[in-house]
**Student:** 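Below you'll find the structure I mean.
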Amino acid sequence: MKRRKIDVRALPAKSAGALDDRFQAATPLRSLLNKVFPDHWSFLLGEIALFSFIVLLLTGTFLTFFYEPSLHTVTYDGSYTPLRGRHMSAAYASSLDLSFDVRGGLVMRQMHHWAALTFMAAIVVHMFRIFFTGAFRKPRETNWIIGSLLFWIGFLAGFTGYSLPDDALSGTGLRIASAIMLSIPVIGSWVTTSIFDGEFPGHIIMGRFYIAHVLLIPGILLALITVHVGLVFKQKHTQWPGPGRTEHNVVGERMFPRYAIKQGGFFMIVFGVIALMGGLLQINPIWLFGPYEAFTVSAASQPDWYVMFLDGSTRLFPAWEIRFDLFGWGDGYTIPPIFWPTVVLPGILTMLPMAYPFIEARLTKDKKAHNLLQRPRDVPARTALGAMAIMFWLVLTLSGGNDVIADKFHISLNAMTWAGRIGLLILPPIAYYVTYRICLGLQQHDREVLAHGVETGIIKRLPDGRFIEVHQPLAPVDEHGHGELEYAGWVVPKKMNRLGALGPAIKGFFYPIEKPAEAPVSPGHPPVSPVEPAQPARREEISQ
Amino acid sequence: MSTETEPRVEQEPLDVFDPRLTRFDIMREGARREGIEIVHYEAQYPPNSRAERRMTRIVASFFLLTGVAATAFLLIYSFGPWEYELGSNPSKLYTPLLGLTLGVALLGIGFGILTWGKKLLPREIAIQDRHDGPSATEERKITGETMIYIAEELGLKRRKALGFAALLGLAPVGAVAVAPLVGGLIKDPVEDRILFRTGWDPANNNGRRVRVTRENGTPIRPEDVSVGGQLTVFPGIPGGATNEHADSPTLLIHLRPDDAKKTRDTLKPVNQGSMWENFVAYSKICTHAGCPASLYEQQTNRLLCPCHQSQFLITDNARPIFGPATRSLPMLPITVDEEGFFVATSDYKVAVGPAFWERP
Ligand code: HEM
Ligand code: FES
């Protein structure tokens with residue numbers, strides 16, 4: 001029998017051929033390899049969220065091998081001597097074991113927690129980017145809504161996870177959550193007893209939270225993230241305006257190899273930073289808090305940062321309770337004060353942002369699709385609104401730690417509470433006004449530079465004795481010395497070293513060097529065109 | 001589409017089997033057929049230049065760094081002092097070192113790959129057509145008509161009865177899907193009045209009054225609490241001090257005589273007869289959101305809840321005087337039994353803890 005020689009070098013081509021015979025992959029694969037992505041540092045924020053989510057899946061799966069979701073009482077006899085002999089729930093004991101008796105368990109637990117904090121932070125900052133640049137406008141409203149949902153479901157993921165170890169802090173948080181559920185009118189007590197299978201804490205809640213935390217919520221998150229990223233693919237990424245960039249093209253790099261390899265590297269960096277934090281920075285040292293007991297609470301107990309604004313709203317909301325009689329039916333009814341800051345407020349905070357793209361489009365009568373981003377200064381009303389929202393959130397978040405602040409700076413707690421209440425009402429409008437003015441100022445400066453040129457720092461004395469600063473016009477000027485450039489929605493160079501030969505030059509490889517202005521470049525380094533910028537008129541602006 | 005930036009868009013498709021074409025030409029042609037024009041493509045360093053070799057060395061050293069750190073991780077992981085020991089000792093370094101080596105290993109790969117991509121791969125600028133906007137009117141028309149046609153074929157318009165029957169038949173099936181979930185989870189809060197009862201209910205003690213005990217279950221005599229002192233107490237029933245009875249922890253306070261008088265003079269009707277001599281017992285569960293209101297300020301006779309800073313005035317029915325809480329802490333009616341130990345004469349007279357809809 002003759003042995004057939006395998007030609008190793010032909011193997012890849014042959015197997016590729018075999019695959020294409022079956023799946024007809026050549027055309028779709030090529031279009032994937034070639035897909036163009038625009039680049040800007042702010043486009044990486046969403047990726048950080050995605051990468052932290054992957055780290056959460058990896059570390060979380062490790063934790064499930066050791067964690068025991070049970071409230072059964074056990075007597076601790078693990079390595080952590082200070083708690084030996086204490087009665088505690090099996091959940092807390094297994095979390096202690098994860099920290100002390102599983103080799104490398106603590107670094108995993110801490111990485112999981114840090115990844116959760118990074119995940120939420122990245123989502124929030126990513127949302128700021130989307131909001132302030134107008135990336136949520138048509139056709140991307142769906143992805144904006146999915147993003148808002150991702151925040152709230154991530155919030156639930158964090159809360160259920162935080163509850164699992166059943167330490168003194170998480171048990172207190174859980175009890176507050178039960179009080180929040182209780183406060184819902186009409187159905188509150190039914191909801192609570194159904195979820196806890198009786199009165200707080202019951203026996204079954206850890207099992208329910210556990211399956212929600214490791215299966216249901218990650219499943220929903222995974223599905224939403226898939227749709228989210230899929231839509232970015234389908235609708236193609238937005239881009240900043242700039243020479244050569246229009247509403248109808250994407251200027252950037254093809255996905256393979258450079259863009260993809262940079263993303264891979266970036267994932268590893270996010271992963272590495274989370275590993276460093278997980279090892280070097282202690283987080284949630286549950287062994288110091290002790291097991292949850294209904295009658296103890298450690299002072300200055302703080303939730304994770306993304307929950308603090310709700311804690312703050314709960315502290316600031318006045319003691320307003322509604323009690324009434326229902327025509328002598330029953331013994332009278334109550335709407336407790338925590339209903340407003342912990343159910344109604346989050347409800348508004350969920351619905352309002354989701355509706356925002358449609359509200360804005362309606363107010364500005366803007367029905368067009370937009371693929372070019374806006375600089376925040378160019379849409380002062382929206383930017384100011386965003387600043388106002390951030391200020392509102394900031395006051396609430398700081399109030400969530402007002403006892404710590406009061407203690408550190410020796411302010412009376414009552415004063416802190418009142419400062420928070422008043423601040424919550426007056427600081428956001430101030431933030432709105434100030435931001436609006438700043439935007440207008442920045443706009444004006446841009447227009448000034450376009451009209452008069454860049455300040456050179458050279459002072460000239462005129463024959464009549466006056467001193468003037470020499471300006472370098474950006475384009476040919478008219479008889480009054482005024483430039484004729486129109487604002488193109490992008491960075492206007494304001495320093496001499498952003499101009500001319502000192503600026504990053506565009507070397508044409510396939511195009512003649514003489515036409516630099518038409519070659520699109522990285523948004524950080526706009527070239528200065530001696531003639532009109534390539535596409536100023538193609539940009540649709542929202543009229544204010 | 002800006003034509004200036006794509007002067008070659010009109011070009012005839014290349015014959016990709018032409019042997020004179022380079023691989024780059026073919027790739028570029030492929031991109032062009034996707035509506036992508038590569039307008040700028042340039043190696044960052046001349047091949048084999050010193051600069052390029054230097055970059056290659058940098059990338060390589062990142063990867064080697066990863067190897068070293070990962071090996072260190074494995075060594076520390078396997079031979080490090082991983083078992084917890086009290087006090088300051090090398091075991092405290094185990095987790096930080098794992099994080100450090102793992103982090104450095106991952107960062108090494110990360111920066112290695114990133115530098116590779118950013119510095120060693122050619123820079124390019126490509127422009128892709130978006131092909132956005134709605135589908136062609138013709139396409140819309142065809143798809144729309146197709147869908148309407150399908151709907152008509154089903155004939156629901158003509159066969160109305162069929163539609164109704166399907167609806168009536170399928171609605172219960174939907175409910176069937178939900179029923180086990182709701183039915184399994186639902187738990188009536190009203191029937192047993194569980195939200196109104198605590199561990200102090202004599203029903204938990206075969207109808208006998210429940211003793212006031214410490215955490216370890218020992219009963220308490222009046223002498224055990226000094227004047228001005230306070231003690232967290234629990235119902236003297238099995239599991240009375242556990243989270244099983246998370247609504248029952250109570251604060252027993254021995255008031256100073258003048259405070260006791262003040263308290264007695266201001267007692268609300270519901271609290272009449274609940275004090276025993278100068279002793280008063282309040283629920284420890286904050287009426288706001290259920291945290292233990294456990295910080296007792298002797299000077300001002302206030303109980304402070306650490307969660308949202310509600311403050312309750314001990315000498316006036318534990319009325320809320322600051323913060324978001326709206327209701328007083330319920331008072332546990334106490335007395336001393338024939339053996340000289342504290343007992344609760346009955347359960348709390350109002351529901352303890354945070355309020356809810358059915359709470360009067
Ligand atoms: C998707 C977003 C997720 C978030 C925001 C999140 C957040 C958290 C947080 C904050 C904790 C408390 C950690 C601590 O003990 O300090 C936790 C615990 C836990 N998580 Fe997650 N997690 C997520 C996904 C997952 C996944 C996908 C799994 C498993 C497949 C998982 C499994 C666990 C387990 C078992 C614990 C208990 C660990 C312990 O008690 O020490 N998590 N999670
Ligand atoms: S739980 Fe006591 S003040 Fe909120």
Side-chain angles (χ1 to χ4, degrees), chain A residues 30-31 34 36 79-81 100 103-104 106-107 172 175-176 179 182 185-186 188-189 193-194 197-201 236 244 248-251 253-254 258 261-262 264-265 268-269 271-272 275-276 278-280 294-295 297 299 314-315 317 319 321 331-334 336-338 413 509 518 520, chain B residues 1-2 4-5 30-31 34 36 39-42 77 82-84 86 95-96 98-100 102-103 106-107 109-110 113-114 116-117 121 124-130 185-187 189 194-195 232 243 246 249 284 289-292 294 306 308-309 322 324-326 354-360:
Chain A
R30 196 180 77 227
S31 98
N34 277 339
V36 173
S79 312
Y80 185 66
T81 22
F100 296 114
R103 195 185 275 224
L106 183 56
V107 76
T172 304
R175 181 155 214 176
I176 296 178
L182 270 179
V186 187
S189 49
T193 49
S194 299
D197 193 38
E199 222 180 340
F200 171 89
K236 298 203 176 76
H248 306 288
N249 69 12
V250 188
V251 176
E253 281 175 338
R254 288 165 308 141
R258 201 162 176 254
I261 218 172
K262 283 196 300 190
M268 282 300 166
I269 289 174
F271 202 168
L276 282 184
L280 300 176
F295 56 93
V297 69
T314 315
R315 292 173 186 209
F317 196 78
E321 178 176 288
D331 304 325
Y333 295 89
T334 300
I338 55 168
L413 242 176
F509 197 82
E518 280 151 18
Chain B
M1 186 94 257
S2 138
E4 292 153 3
T5 48
E34 304 302 335
I36 298 166
V39 296
H40 180 80
Y41 193 84
E42 182 195 22
Y77 185 81
W82 68 281
E83 272 160 325
Y84 178 82
L86 207 57
T95 298
L98 286 189
L100 189 69
L102 180 61
L106 294 168
L107 287 178
I109 312 178
I113 297 182
L114 204 63
W116 188 344
L121 295 181
E124 75 171 41
I125 294 168
I127 304 181
Q128 182 167 25
D129 218 349
R130 263 187 201 275
L185 284 178
I186 205 155
K187 181 98 179 177
I194 47 176
L195 295 176
T232 302
N243 290 341
K284 230 184 148 173
C291 288
S294 52
H308 315 102
Q309 285 90 43
F322 184 79
T326 45
F356 46 93
W357 176 250
E358 295 92 344
R359 171 113 149 66

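Side-chain atoms are counted along with the backbone in the values below, which use heavy atoms only and exclude waters and symmetry mates. Note that the structure is predicted; figures quoted are calculated from it, not measured. Chain naming here is simple, since letters A, B, ... match the order of the sequence lines and numbering starts at 1 in each.
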**Student:** May I ask you to name which of A:Pro201, A:Gly188, A:Gly278 has the most heavy-atom pairs under 4.5 Å with chain B?
**Tutor:**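 Of the candidates given, the most pairs with chain B belong to A:Pro201.
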**Student:** Nearest 0.5 Å, what's the NE2-CG distance between A:His248 and B:Asp129?
**Tutor:**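 Here the rounded value is 9.5 Å.
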**Student:** Does any heavy atom of chain A fall under 4.5 Å from the side chain of B:Ala325, the backbone, both, or neither of them?
**Tutor:**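 Contact with chain A is through the backbone of B:Ala325 alone.
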**Student:** Looking only at non-hydrogen atoms, find the nearest pair between A:Ile176 and B:Cys291 and report the distance.
**Tutor:**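 Scanning both residues completely, I find the closest heavy atoms to be CD1-SG, 3.8 Å.
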**Student:** Strictly distance-based, threshold 3.5 Å: is any side-chain N or O of A:Thr334 a donor or acceptor partner for the main-chain N or O of B:Arg359?
**Tutor:**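 Pair found, side chain donor or acceptor close to backbone of B:Arg359.
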**Student:** Considering non-hydrogen atoms only, spot the tightest contact between A:Asn34 and B:Ile36 and give its length.
**Tutor:**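 Smallest interatomic distance, heavy atoms only, reads O-CD1, 3.1 Å.
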**Student:** So, does A:Lys262 use its side chain to make a donor-acceptor pair with the main chain of B:Gly117 at under 3.5 Å?
**Tutor:**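 Pair absent, no side-chain N/O of A:Lys262 close to backbone of B:Gly117.
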**Student:** Mind listing the closest non-hydrogen atom pair of A:Phe295 and B:Pro249 along with its distance?
**Tutor:**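 Answer, listing the atom of A:Phe295 first, then B:Pro249: CB-CB, 3.6 Å.
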**Student:** Kindly say whether A:Val36 contributes a backbone atom to a donor-acceptor pair with the side chain of B:Gln128 at under 3.5 angstrom?
**Tutor:**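 Yes, because the side chain of B:Gln128 sits within donor-acceptor range (under 3.5 Å) of the backbone of A:Val36.
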**Student:** Counting only non-hydrogen atoms closer than 4.5 Å, does B:Tyr77 touch chain A with its backbone (N, CA, C, O), its side chain (CB onward), both, or neither?
**Tutor:**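 Both parts, heavy atoms under 4.5 Å.
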**Student:** Return the minimal non-hydrogen interatomic distance between A:Gly272 and B:Leu106, and the atom names on each side.
**Tutor:**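 Here A:Gly272 and B:Leu106 meet closest at CA-CB, 3.5 Å.
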**Student:** Which heavy atom in B:Asn243 sits nearest to a heavy atom in A:Ala294, and how many Å separate them?
**Tutor:**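 So the two residues come closest at OD1-N, 3.1 Å.
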**Student:** If I take atom CG from residue A:Leu280 and atom CG from residue B:Leu98, how far apart are they, to the nearest 0.5 angstrom?
**Tutor:**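 So the gap between those two atoms works out to 10.5 Å.
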**Student:** Side chain from CB out, backbone as N, CA, C, O: work out which of these in B:Gln309 comes under 4.5 Å of a heavy atom of chain A, or both, or neither.
**Tutor:**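 B:Gln309 touches chain A through side-chain heavy atoms alone.
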**Student:** Determine yes or no for a side-chain-to-main-chain donor-acceptor pair under 3.5 angstrom, with A:Arg175 supplying the side chain and B:Ala246 the backbone.
**Tutor:**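 Yes, the answer is positive, given that a donor and an acceptor are paired below the 3.5 Å cut-off.
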**Student:** Identify which part of B:Ser294 has an atom lying under 4.5 Å from any heavy atom of chain A, answering side chain, backbone, both or neither.
**Tutor:**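 Interface part for B:Ser294: side chain.
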**Student:** Ignoring hydrogens, what is the shortest heavy-atom contact between B:Trp82 and A:Arg103? Give both atom names and the distance.
**Tutor:**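 So the minimum-distance heavy-atom pair works out to NE1-NH2, 2.8 Å.
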**Student:** Given a strict heavy-atom distance threshold of 4.5 Å, which part of B:Thr95 is in contact with chain A: side chain, backbone, both, or neither?
**Tutor:**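 Backbone plus side chain of B:Thr95, per the 4.5 Å heavy-atom cut-off to chain A.
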**Student:** Main chain of B:His308, side chain of A:Arg315: is a donor-acceptor contact present, judged purely on distance under 3.5 Å?
**Tutor:**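 Pair absent, no side-chain N/O of A:Arg315 close to backbone of B:His308.
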**Student:** Less than 4.5 Å apart, any side-chain heavy atom of B:Leu107 and any of A:Ile269?
**Tutor:**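 Yes, at least one pair of side-chain atoms sits under 4.5 Å.
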